[in-house]
Amino acid sequence: MAKKNIFTDAFGTPYFLKRLIIFILGIVSYRRFNGFNKLKITGTEHLVDLPDSNVLFVCNHQTYFADVAAMYHAFCAVNNGYLDTIKNPIYLLNPKIDFYYVAAEETMNKGILPKIFKIAGAVTVKRTWRAEGKNVNRMVDLTEVDNIMKALDNGWVATFPQGTTSAFAQGRRGTAKLVKNQRPIVIPIKINGFRRAFDKKGLRVKVTGVKPTMEFKPPLDIDYDNEKAPEILLKIMTAIEQTEDFNVLHNYDEELKAKKLEQKDSNN
């Protein structure tokens with residue numbers, strides 16, 4: 001597999017270009033996270049002693065771009081010794097450049113801004129279950145899997161196991177299979193409030209005064225030799241709090257249905 005060097009990353013993108021894009025996008029997005037809305041970050045102490053490669057961040061998904069932009073701010077801040085804060089944007093002058101994120105190819109090819117985001121570190125994949133608003137059923141492109149593994153071999157990678165911004169959507173088995181095969185350090189990230197603060201793309205501030213949160217959790221304890229992919233996926237989905245056990249609204253609806261059935265039975 002390709003390796004990074006002092007001039008380019010693992011995919012041949014010049015580091016000076018990545019630094020420039022991260023700096024510009026960081027400055028543009030800064031007030032979204034520390035002005036119009038106040039992003040609260042916790043758990044960054046878990047990032048301090050991580051190795052430079054083979055670290056996989058798994059996160060729930062609420063917007064197309066704001067989620068990743070917030071990660072860049074957090075990672076750049078930690079890279080410069082700032083824990084649980086992004087108040088001093090001087091960290092953008094020394095960014096975390098060997099960071100990649102998995103994104104839908106369809107999303108990253110729509111418009112100029114997504115294409116700029118793509119240069120910053122996107123590893124694009126084609127959705128196997130949905131494309132252009134329609135359900136599809138296609139095989140996984142192994143080249144895309146190789147690209148994710150290449151990114152892991154050369155840096156940190158963030159992925160969204162649900163592959164959608166819909167809350168409590170089912171996790172995709174591909175993430176667990178990747179973890180099983182590559183054996184990375186897996187760091188869960190739980191975000192909240194992004195959907196309320198920003199539009200679906202994460203480019204426009206929808207509501208001000210919101211306090212979105214980003215919580216970095218300890219590395220998952222995974223027995224790579226004995227645990228199977230479904231068990232690993234369950235651990236991931238539980239850690240990012242996207243199993244039905246965390247769906248308070250769903251539980252409320254189910255309890256309401258049960259009460260109505262009891263009332264109906266008692267009336268009969």
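Side chains are part of it too, since the values below use all heavy atoms of this structure and drop only hydrogens, waters and symmetry mates. Residues: numbered from 1 along the sequence shown.
Distance OG1/Thr8 to NZ/Lys18: 10.0 Å, rounded to 0.5 Å. In this structure, NZ on Lys118 lies 8.0 Å from NZ on Lys115, to the nearest 0.5 angstrom. Put simply, CD1 on Ile189 and OG1 on Thr213 are 11.5 Å apart, with the number rounded to the nearest 0.5 Å. Summarising the geometry, atom CG belonging to Asn94 is positioned 8.0 Å from atom SG belonging to Cys76; distances are rounded to the nearest 0.5 Å. Here Thr124 contributes atom OG1 and Tyr101 contributes atom OH; the two are 9.5 Å apart, rounded to the nearest 0.5 Å. If you take CG on Leu47 and CG on Asp84, they are separated by 9.0 Å, rounding to the nearest 0.5 Å.
If you chain together hydrophobic residues whose side chains sit under 4.5 Å apart, Val205 and Leu113 fall into the same group. Both Ile27 and Leu25 belong to a single network of hydrophobic side chains, linked directly or stepwise wherever heavy atoms of I, L, V, M, F, W or Y lie under 4.5 Å apart. Cluster membership for Ile41 and Leu83, using ILVMFWY side-chain heavy atoms within less than 4.5 angstrom, is shared. Criterion: ILVMFWY side-chain heavy atoms under 4.5 Å apart, direct or through other members. Under it, Leu234 and Val179 are not part of a common hydrophobic cluster. Hydrophobic clustering of Ile, Leu, Val, Met, Phe, Trp and Tyr side chains at less than 4.5 Å, counting indirect connections, keeps Met214 apart from Val210.
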Requested in this report: Could you please spell out the steps behind the side-chain contact (heavy atoms from CB on, under 4.5 Å) verdict for Leu39 and Asn34?
Outcome: CA-CA 6 Å; Leu39 176 64; Asn34 199 38; over 6 Å; no

Legend entry - Criterion side chain to side chain donor-acceptor pair (under 3.5 Å) on Tyr15 and Asp98, from CA distance to verdict: CA-CA 9 Å; Tyr15 278 137; Asp98 287 313; 2.7 Å; yes

### Message
For a side chain to side chain donor-acceptor pair (under 3.5 Å) check, start with the C-alpha distance between Thr143 and Asp146, then their side-chain angles and the critical distance, and finish with the verdict.
### Response
CA-CA 5 Å; Thr143 302; Asp146 287 342; 5.4 Å; no

Worksheet item: Can you check side-chain contact (heavy atoms from CB on, under 4.5 Å) on Asn80 and Ile90, steps first, answer last?
Response: CA-CA 9 Å; Asn80 290 273; Ile90 195 171; over 6 Å; no

- Message: Under the criterion side-chain contact (heavy atoms from CB on, under 4.5 Å), I'd like the reasoning laid out for Ile191 against Cys59: C-alpha separation, chi angles, the key distance, then a yes or no.
- Response: CA-CA 7 Å; Ile191 63 171; Cys59 185; 3.8 Å; yes

Which is it for Lys217 and Glu241 under the salt bridge (charged side-chain N to carboxylate O under 4.0 Å, His left out) test, yes or no, and what are the steps along the way? CA-CA 11 Å; Lys217 298 189 176 183; Glu241 301 180 20; 2.8 Å; yes

**Asked** Please walk me through it: do Val55 and Val157 pass side-chain contact (heavy atoms from CB on, under 4.5 Å)?
**Response** CA-CA 6 Å; Val55 178; Val157 177; over 6 Å; no

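Side chain to side chain, Glu144 and Asn147 fail the donor-acceptor criterion of an N or O pair below 3.5 Å. Side-chain atoms of Asp153 and Gln182 form a donor-acceptor pair, as typed in the model, at a separation below 3.5 Å. Remark: the Tyr91 side chain and the Asn79 side chain contain no N/O donor-acceptor pair separated by less than 3.5 Å.
Residue-environment remark: CD (Gln170) stays at or below the threshold of 12 foreign heavy atoms within 6.0 Å. In the displayed structure, Asp52 atom CG is contacted under 6.0 Å by at most 12 heavy atoms of other residues, nucleotides or ligands.
Using a distance-only test at 3.5 Å, with no hydrogens or angles considered, a donor-acceptor pair links the side chain of Trp156 to the main chain of Pro51. Side chain of Gln242 to main chain of Phe168: a donor-acceptor pair is present (N/O by atom type, distance under 3.5 Å, no hydrogens or angles). At least one donor-acceptor pair closer than 3.5 Å links the side chain of Tyr72 to the backbone N or O of Ala120. Formation of a donor-acceptor pair under 3.5 Å by the Thr159 side chain with backbone atoms of Pro161 is not found in this model.
Here the side chains of Arg32 and Asn37 are not in contact, with every heavy-atom distance at 4.5 Å or above. Residues Leu17 and Ile21 have side chains in contact (heavy-atom distance under 4.5 Å, counting atoms from C-beta outward). Using a 4.5 Å heavy-atom cutoff, the side chains of Asn154 and Asp9 are not in contact. Leu50 is listed as a side-chain neighbour of Ile185, based on a closest heavy-atom distance under 4.5 Å. Side-chain contact between Lys206 and Arg196 is absent, with no heavy atoms from C-beta onward closer than 4.5 Å. Contact of the Leu56 side chain with the Ile187 side chain is not registered, since no non-hydrogen atoms from C-beta on lie closer than 4.5 Å. At least one side-chain heavy atom of Ile148 sits less than 4.5 Å from a side-chain heavy atom of Val125. The shortest distance between side-chain heavy atoms of Thr175 and Val58 falls below 4.5 Å.
In this structure, the ring of Tyr100 has its center no less than 6.0 angstrom from the ring center of Phe57.
Between Glu106 and Lys110, at least one side-chain N (NZ, or NE/NH1/NH2) sits under 4.0 Å from a carboxylate O, which counts as a salt bridge.
Taking all atoms of both residues into account, the shortest heavy-atom contact from Tyr30 to Pro89 is OH-CD, 3.6 Å. Taking both residues in full, the closest heavy atoms of Leu93 and Arg19 are given as O-NH1, 4.3 Å, listed atom of the first, atom of the second, then distance. Minimum interatomic distance between Phe246 and Thr238 (heavy atoms only, all atoms of both residues): CE1-O, 3.5 Å. Between Ser29 and His73, the shortest heavy-atom distance links the atoms OG-NE2, 2.9 Å. Looking at every heavy atom in both residues, Ala169 comes nearest to Met237 through O-CE, 3.7 Å. For the residue pair Gly193 and Pro212, the shortest heavy atom distance occurs at C-CB, 4.0 Å.
Using the six-membered ring where Trp is involved, Phe160 and His61 have ring planes that are parallel, under 30° apart on the 30 and 60° scheme. Relative ring orientation between Phe65 and Phe117 is described as parallel, the plane-to-plane angle staying below 30° on a 0-90° scale split at 30° and 60°. The aromatic rings of Phe33 and Phe194 are tilted relative to each other, their planes meeting at an angle between 30° and 60°.
Here His46 pairs with nothing under the ring-ring contact (aromatic ring centres under 6.0 Å, His included) rule; sequence neighbours left out.
Applying the salt bridge (charged side-chain N to carboxylate O under 4.0 Å, His left out) rule to pairs touching residues 173-189 yields Arg183-Asp225, sequence neighbours excluded.
With Asn192 as the partner, the side-chain contact (heavy atoms from CB on, under 4.5 Å) test is satisfied by one option alone out of Lys40, Gln62, Lys211, Glu215: Gln62.
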